[in-house]
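Reviewing the structure listed below.
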Amino acid sequence: MQTSFQTLKLKDELISGLKKQNIVSPTPIQALTYPAFIEGKDLMVESHTGSGKTLAFLLPLFEKINTNLKVNQAIILAPTHELAHQIHEQIKLLSKNSGLSITSILLMGEVSIEKQIVKLREKPQIIVGSPGRILDLMMKKKISASTLETILLDEADNLLESSQSATVKKLLYHIGNHVQVAMFSASMSPHVQKLATPFLKNPVFLHTSEKTALNPNIEHFYIKTDLREKFDTLKKLLLATSTPRALIFVSQHTDTRVLVEKLNYHGFTVATISGKLSKEERKNALAQFKAGKVKLLLSSDLSARGLDVAHITHIFHYDLPLTPQDYLHRAGRSARNGEKGISISILTPKDLGIIGLLERTFKMKPNEIILTKGRIKNLATNDFLEGIQTPKALEEPAVSKKRNKYPKGFNQNKPSKKAKSKENASHSLDTKASSNELDFLTSGTLADALRLIEEAGFTKNNE
């Protein structure tokens, strides 16, 4: 197998551009995919999460794009807004760093189609987006299939098995068989391969493992708890790990709003992302998480597909995934680019069967853990779990184990110890409260307000 970008005969401009991202050698799946892609073969590519699949298809695609032609040459389909946006941003970064004049456009729903039509007149070489919006624009004759040479499906199993499958198939039929088709995912089951067969010409199946595999850099654990103790168990796990960046996965039936409020109440900073939120709300939540403004991202399985955020150390499964494949994609949000990760499932008595299913599917055995004196103990080894070393950029003072009794956005304004009288303290509270009235009203509740005023000693008796 090729071991360097030079032996792959990658363009010098691309090699220089990758160095600016601190990427100096190809991952196994990138080295395996590149030659077959360049030869123009139809591909089905399976590799574990975090193995570098995005660059596995972008690098040969950049080689293939004719920079002298200002026409649509490639389409990349993704199942979620978040994944499509990440691919689009990586294209822009690689183009900028390499100096190659390759342009792309992001086409998603919930965005003005008129504005997208205007941008399409600039003839971007790569189109990234959702199947529905891209098909709609093709039907409107705003995207021409005649100039396309490549179509890529990222997270192909999701695209072919989900509610989007009918749209994806219609789009592929509309484009025709003159283009190269390449499909990528961490899990290419026989069923998915059967669904993909009608759209592929003598496909080459590439994989780095004989069977669908979990990222080898992730450790897997589970903890037993009662349903009524579930949140308390999560809280104790978060305190015990002191993780600077983690994902908490929930089912679509869990009230994420209530869970967020509980976490905030106990002093954790958290954002949430789910299919119930608008694209803009999800975008803002993800931006906060990436920027480190919040340490936790609470998510449905929406973000398990392709979400690539650096330095996620822990995955907590507050609710169990529906299938082993969903678990694979969830856990794979950690341990990206060769880092280490930990995946912890919180199991109530009705969930215990999932352990045997994971063992049979992935030939692995998650270890049971318990909480003892604020630490996490591995019952298989009787050792305590050690923390994962993280970059200094993410290091910050540990979260206080004392609950945060003040609502988000409220200025505590504790009276100075040097204050000579309660009147001075009350006056200070009253003055500040008026200046922060808007923040207070939007961040807390009436019950919070009454409780805080009472705790400050500002009651009817001393008005």
Side-chain angles (χ1 to χ4, degrees), residues 54 78-93 104-116 119 128-130 132-133 154-155 158 238 243-252 254-316 318-319 329-330 333-334 336 393-394 396 399 404 406-411 436 438-445:
T54 301
T80 67
H81 290 229
E82 290 70 30
L83 179 55
H85 184 265
Q86 284 179 183
I87 296 169
H88 178 58
E89 290 300 313
Q90 179 59 67
I91 291 171
K92 292 198 298 183
L93 180 62
S104 66
I105 185 173
L106 181 63
L107 299 178
M108 305 296 299
E110 298 184 34
V111 177
S112 169
I113 194 169
E114 289 77 17
K115 291 182 179 180
Q116 292 177 343
K119 290 184 179 180
V128 185
S130 62
R133 180 51 59 91
D154 197 10
E155 302 294 343
N158 183 272
L238 291 171
T243 172
R245 185 168 286 174
L247 266 170
I248 303 171
F249 280 103
V250 297
S251 74
Q252 60 180 345
T254 295
D255 191 333
T256 55
R257 182 187 61 179
V258 172
L259 195 52
V260 167
E261 287 178 355
K262 285 183 177 180
L263 289 167
N264 283 335
Y265 180 75
H266 288 281
F268 298 100
T269 56
V270 56
T272 184
I273 180 173
S274 73
K276 297 178 182 178
L277 300 177
S278 69
K279 190 187 88 168
E280 196 61 29
E281 288 173 321
R282 300 202 303 267
K283 180 180 178 181
N284 291 338
L286 189 56
Q288 282 186 306
F289 186 55
K290 285 185 174 182
K293 293 180 180 179
V294 299
K295 296 175 66 172
L296 307 174
L297 183 65
L298 188 67
S299 175
S300 64
D301 282 307
L302 174 75
S303 66
R305 290 289 177 166
L307 181 65
D308 189 5
V309 178
H311 316 311
I312 293 177
T313 61
H314 290 71
I315 304 297
F316 297 97
Y318 187 74
D319 296 317
H329 287 281
R330 283 184 177 192
R333 297 313 103 204
S334 68
R336 313 292 289 178
L394 291 179
E396 56 179 300
V399 175
N404 178 15
Y406 294 94
K408 183 180 177 183
F410 183 76
N411 191 335
N436 288 329
L438 182 58
D439 280 343
F440 179 78
L441 291 175
T442 57
S443 302
T445 65

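This is a predicted model, so every value here is computed, not measured. Index from 1, following the sequence.
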If we ignore hydrogens and angles and just use 3.5 Å, is the side chain of [X] paired with the main-chain N or O of [Y] as donor and acceptor?
{"X": "Asp319", "Y": "Val250", "value": "no"}
{"X": "Arg333", "Y": "His329", "value": "yes"}
{"X": "Gln288", "Y": "Lys293", "value": "no"}

Rounded to the nearest 0.5 Å, what separation is found between the [atom1] atom of [X] and the [atom2] atom of [Y]?
{"X": "Leu298", "Y": "Leu263", "atom1": "CG", "atom2": "CG", "value": "7.0 Å"}
{"X": "Glu261", "Y": "Thr256", "atom1": "CD", "atom2": "OG1", "value": "10.0 Å"}
{"X": "Ile248", "Y": "Leu297", "atom1": "CD1", "atom2": "CG", "value": "8.5 Å"}
{"X": "Asn284", "Y": "Leu286", "atom1": "CG", "atom2": "CG", "value": "9.5 Å"}
{"X": "Arg245", "Y": "Phe289", "atom1": "CZ", "atom2": "CZ", "value": "6.0 Å"}
{"X": "Leu247", "Y": "Ser334", "atom1": "CG", "atom2": "OG", "value": "8.5 Å"}

Worksheet item: How about Gln252: does its CD atom have over 12 heavy atoms from other parts shown lying under 6.0 Å from it?
Response: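 No, the 6.0 Å shell around CD holds no more than 12 heavy atoms from other groups.
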
Worksheet item: Within a reach of under 6.0 Å around NZ of Lys290, are more than 12 heavy atoms found that belong to other residues, nucleotides or ligands?
Response: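 Yes, enclosed.
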
Practice prompt. Go through the steps to decide whether Lys262 and Phe268 satisfy the test side-chain contact (heavy atoms from CB on, under 4.5 Å), and finish with yes or no.
Written response: CA-CA 9 Å; Lys262 285 183 177 180; Phe268 298 100; over 6 Å; no

Discussion item. Working note: His81 + Lys283, criterion side-chain contact (heavy atoms from CB on, under 4.5 Å); need CA distance, chi angles, decisive distance, verdict.
Written reply: CA-CA 9 Å; His81 290 229; Lys283 180 180 178 181; over 6 Å; no

Item to complete: For the pair Phe316 and Leu296, evaluate side-chain contact (heavy atoms from CB on, under 4.5 Å) and give the outcome as yes or no after the intermediate values.
Response: CA-CA 10 Å; Phe316 297 97; Leu296 307 174; 5.6 Å; no

Worksheet entry | Side chain proximity check, Ile87 to Ile91, heavy atoms < 4.5 angstrom |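 Yes, their side chains come closer than 4.5 Å.
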
Of the non-hydrogen atoms in [X] and [Y], which two are nearest, and what is the gap between them?
{"X": "Lys295", "Y": "Thr243", "value": "CE-O, 3.2 Å"}
{"X": "Arg336", "Y": "Asp308", "value": "NE-OD1, 3.3 Å"}
{"X": "Gln90", "Y": "Thr54", "value": "CG-CG2, 4.4 Å"}
{"X": "His85", "Y": "Leu106", "value": "CD2-CD2, 3.9 Å"}
{"X": "Ser104", "Y": "Lys92", "value": "OG-CG, 4.2 Å"}
{"X": "Pro79", "Y": "Asn158", "value": "CB-OD1, 3.0 Å"}

Item to complete: Indicate whether the side chain of Glu280 and that of Ser278 have a donor and an acceptor atom separated by less than 3.5 Å.
Response: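 On atom types as modelled, these side chains do not qualify, holding no pair under 3.5 Å.
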
Worksheet item: For Leu83 and Asp154, what are the C-alpha separation, side-chain angles and deciding distance, and is it a side-chain contact (heavy atoms from CB on, under 4.5 Å)?
Response: CA-CA 9 Å; Leu83 179 55; Asp154 197 10; 3.7 Å; yes

